[in-house]
Amino acid sequence: ASYDRLKAFLESSGPRLIAQNGQFDLRWLSTRGIEARLDFDTMLAAHLLDENSSVGLKSLASSMWGVPDYKPNTEEWEWKVPEYQDLLYYVGLDAFYTARAYAVQRLQLLGDKKLARFFAKVMVPAAKAISKVEQRGIYLDSVRLEERQHQTLEKRTAIESELNQITGRMINWASPQQVGQVLFNDLKLPVTENNKTGPSTREGVLVRLKQHHELPGRLIELRETYKYDSTYFRPWAEFAAYDSRIHFHYNLAGTVTGRGSSRAHQTPRNPFVRSILGAPPGKKLIKADMAQEELRIAAALSGEPTMLREFLEGIDPHLETAHVLTGLPRDQIDLETRKKAKAINFGFLYGMGWKNFQRYAIEKYQVYFSEQESKEARTKFFTHWPKIADWHEQVKRIVRKQKCIRYLDGRIRHLPGITSSNQGDRAEAERQGVNSPVQGFGSDLLLLALVELEGYVEDGRALDTEECFTVGWSHDELLFEVDEDVADYWAGVIKEVMEHPKLMDVLGIQLKVPLLAEVKVAQYWAEPEVKSETPKMPL
C-alpha cells in the first residue's frame, strides 16, 4: 500500500521520467510491483556524447559545473543507516543534478539527429529490455554445479601433485614469483615478456612457452581450475541460492566501443562451465548467435567485392581463406587448418602486422605461424581481399580529419588520441577507428533485435513472454527460455528478427550483405563434447 501512489505516478503517461542509470531503477521498482516508464537516461546520454569520460552522476556534476563530491559521511554510511536529514540532502542533490544534466544533454543530442535517434530508439528501450533480462535471470542446475566443483577440485589436486613431481619440490603454484623461478631459473625457458616485478607468467606467455616444455601447458590448466572455482562456481552457488537463477548485471555504458559488458560476457566458452546454465525442467533454452558478424560488417563497410560475393553466395569465409592459404580443395580442409584461417581473418581484418599476428595467433587460437608463414598469410589475405586495405586507409584519413568515426547506426567513437604527439597513441586511435565501427556496431545489432523481441518497437515481432522471454546476452549471442512445446516456433521468430531487426529500417541502415543468425534449441547453454551423466572436465 505504501507504494500505491508511487506506482500510479510512475506507470502513468504523465511528465517525462528522467533517470540516472534507469536500468537499475526499473529493476528495483519491479521488485516492488511497479513497472515504471523511462523517457531519458542521463548516464546513457553521457556515454553516447563522450564515451571516454566517466558517466557517474557525481563525475558529471563535477565536469559540468565543478561540483565537489556531495555525499556526506561516506565511511559512516557503510556501517549504519544515515540520518534522515543527510539522506534527504543527498537524494535531493542527486535529483537536482540529474535534472540539470538532462537539460544540457537533451540540447546536445538534438544537435546531432543521428545520435539522438539512436539514443531514443535503441539505448533507452535497451535499458528497459535489459532490466527485464536481469530480473528474470538464467536457470542454474545446482546438481551439475556441485559435480563441476567436485571435478575441478579433483583435477586441481592431480595437476598440483604432477607439477610438484616435475619440479621435485612443493611449490605454491598460485604465486607468480615462485612460478617464474621454476620457469625461468630452473627450467631455463626463454623470457618473452617482462612486467614491473620481473618476467611475466601471464597466460599468453605460458601459451607461447608450451612449445618448449610440458609444464606451462599443465600450469594453464591448473590456473583454469582456480579461476573456475573462485570466479564462477562459488559465486554462482551463492547468487543462485534463493531462486536457482543467476541474475547477471549488463552494462550498456561500460566500454568505449559501445559493446555490452557483464559477467555473462566474461563466462568462458568452455562447455564445462556453460553447461551448468540453461533452462529448468519442462523448458528449453534457445541460443541465437550471429554468424561471422564482424566479417560481414567489414564487407559492408569496405565494399570489398570478393568478400561481398562470397557472403552473397553463402561461402564460409574461413574455409575460403584456408583454401587460398593452402591451395587444398575446400572439402579436404581439416578443422585445424580452418582454425588457422580464422586466426588470419580476424587478425588481419583490422590491419594487424605480421609480427603482432604471430603473438595473436598463438595466444588467441593456439596456432603457430613462423615468421615466414605470418608474412605469407598477410600477403595472401590482402591479395584475396584487396579492398580491405583501401578501407583501412580511408578510415585512418577520416579519423585524422574528424577525430572520430561514426557507426552505421549513428553512434560515434571519439578518438582524441589522433592529435597526440606520441606516435603510438596516434596509431592506436587509427586502429580503434577501424576496429570500433565493426565490433561496436555488431554489439548494437543484438540490441536492435533484443529491443524488438521484448516489445519496444512499434509493429515489431515481439515475443509472447508467457511462452518465451530473453534470459541472457553474451557477445554476439542472445539466450531465451521457452516452453518446450513452442520452442521451434519461437526459434523461427527469433531468427527472422535477428537477421533483419525492424530498427535497421527505422535507423536507415542498409547492409550490402545478409546477416545470418544460427539458432539452436537445447537444454543448456553448452554441452561438453563427450556426453555422459557426469561430464569430464576437458584437458
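Remember, it's a predicted structure, so these values are computed and weren't measured experimentally. Residue numbers start at 1 and run along the sequence shown.
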Under 3.5 Å, is there a donor-acceptor pair between the Trp385 and Glu310 side chains? yes

Inspect the contact between Glu371 and Lys355 and indicate whether a charged nitrogen and a carboxylate oxygen are less than 4.0 angstrom apart. no

Minimum heavy-atom separation for Trp473 and Gly260, please, with both atom names. CH2-CA, 3.5 Å

Check side-chain hydrogen bond (donor to acceptor under 3.5 Å, both in side chains) between Glu363 and all other residues, then give those that pass, not counting sequence neighbours. Arg202, Arg208

Looking at every non-hydrogen atom in both residues, tell me the closest pair between Gly351 and Arg378 and how far apart they are. O-NH2, 3.7 Å

Can you see whether Ser53 engages Asp50 through a side-chain donor-acceptor pair at a distance of less than 3.5 angstrom? yes

Would you find more than 12 non-hydrogen atoms of other residues, nucleotides or ligands less than 6.0 Å from Arg27 atom CZ? yes

So, Gln135 and Ser30: side-chain donor and acceptor under 3.5 Å apart, yes or no? yes

Passing candidate, salt bridge (charged side-chain N to carboxylate O under 4.0 Å, His left out) with Glu454, options Lys132, Lys128, Arg136: Arg136

Quick check on His150: does its NE2 atom have over 12 non-hydrogen neighbours (other residues, nucleotides or ligands) under 6.0 Å away? no

I'd like to know if Asp334 pairs up with Lys339 as an ion pair, taking the criterion as any Lys NZ or Arg NE/NH1/NH2 lying under 4.0 Å from an Asp or Glu carboxylate oxygen. no

Thr225 side chain vs Leu222 backbone, donor-acceptor pair below 3.5 Å: yes

Answer yes or no: is there a donor N or O on one side and an acceptor on the other, between the side chain of His392 and the main chain of Leu349, under 3.5 Å? yes

Students often mix this up, so state it plainly: with edges at 30° and 60°, are the rings of His265 and Tyr250 parallel, tilted or perpendicular? perpendicular

Salt-bridge contact Arg144-Glu527 (side-chain N to carboxylate O under 4.0 Å): yes

Could you tell me whether Glu477 and Arg274 have a side-chain N and a carboxylate O separated by less than 4.0 Å? yes

Does any non-hydrogen side-chain atom of Thr337 lie less than 4.5 Å from one of Leu325? no

Do Lys155 and Glu162 meet the salt-bridge criterion of a basic N to acidic O distance under 4.0 Å? no

Looking at every heavy atom in both Val256 and Glu51, which two are closest together, and how far apart are they? O-CG, 3.1 Å

Decide whether Glu294 and Tyr350 meet the rule of one side-chain donor and one side-chain acceptor closer than 3.5 Å. yes

Can a side-chain donor-acceptor contact be found between Glu373 and Gln358 if the only test is distance below 3.5 angstrom? no

Between the side chains of Arg218 and Glu221, is the shortest nitrogen-to-carboxylate-oxygen separation below 4.0 Å, so that they form an ion pair? yes

Taking the six-membered ring of Tyr228, is the NZ or CZ of Arg148 close enough (under 6.0 Å from the centre) and on axis enough (within 45°)? no

Decide side chain to side chain contact (heavy atoms under 4.5 Å, CB included) for Leu206 and Leu183; before the verdict, give the C-alpha distance in whole Å, the side-chain angles of both, and the deciding distance to 0.1 Å. CA-CA 10 Å; Leu206 296 179; Leu183 293 176; 3.7 Å; yes

Pairs where residues 235-262 contributes a residue and the test salt bridge (Lys or Arg N to Asp or Glu O under 4.0 Å) is met, not counting sequence neighbours: Arg245-Glu481

Identify which one of Arg330, Arg338, Lys342 satisfies the salt bridge (charged side-chain N to carboxylate O under 4.0 Å, His left out) criterion when paired with Asp316. Arg338

Please tell me whether Tyr524 and Asp141 have a donor and an acceptor in their side chains that are separated by less than 3.5 angstrom. yes

Less than 3.5 Å apart, any donor N or O on the side chain of Trp490 or Asp483 sitting next to an acceptor on the other? no

Just by distance, with hydrogens left out, do Gln151 and Glu147 show a side-chain donor and acceptor under 3.5 Å apart? no

Are side-chain N/O atoms of Asn52 and Arg413 paired as donor and acceptor at under 3.5 Å? yes

May I ask you to check whether Phe357 and Phe348 place their ring centres under 6.0 Å from each other? yes

Under 4.5 Å between any side-chain heavy atoms of Asp186 and Arg169, yes or no? yes

Checking side-chain polar atoms at under 3.5 Å, does Thr152 have a donor or acceptor matched by the opposite partner on Asp229? no

Shortest non-hydrogen contact from Ala522 to Lys287? CB-CE, 4.1 Å

Face-on cation placement of Arg234 at Phe239 ring, 6.0 Å and 45° thresholds: no

Within 45° of the six-membered ring axis of Tyr365 and under 6.0 Å from that ring's centre, is NZ or CZ of Lys340 located there? no

Examine the side chains of Ser142 and Glu146 and answer whether a donor and an acceptor come within less than 3.5 Å of each other. no

Taking atom types as modelled, find out whether Asn195 and Thr197 have a side-chain donor-acceptor pair closer than 3.5 angstrom. yes

Beyond-backbone contact of Lys520 with Leu285, side-chain heavy atoms, under 4.5 angstrom: no

Taking only residues two or more places apart in sequence, or in another chain, which ones meet Arg431 in a side-chain hydrogen bond (donor to acceptor under 3.5 Å, both in side chains)? Glu428

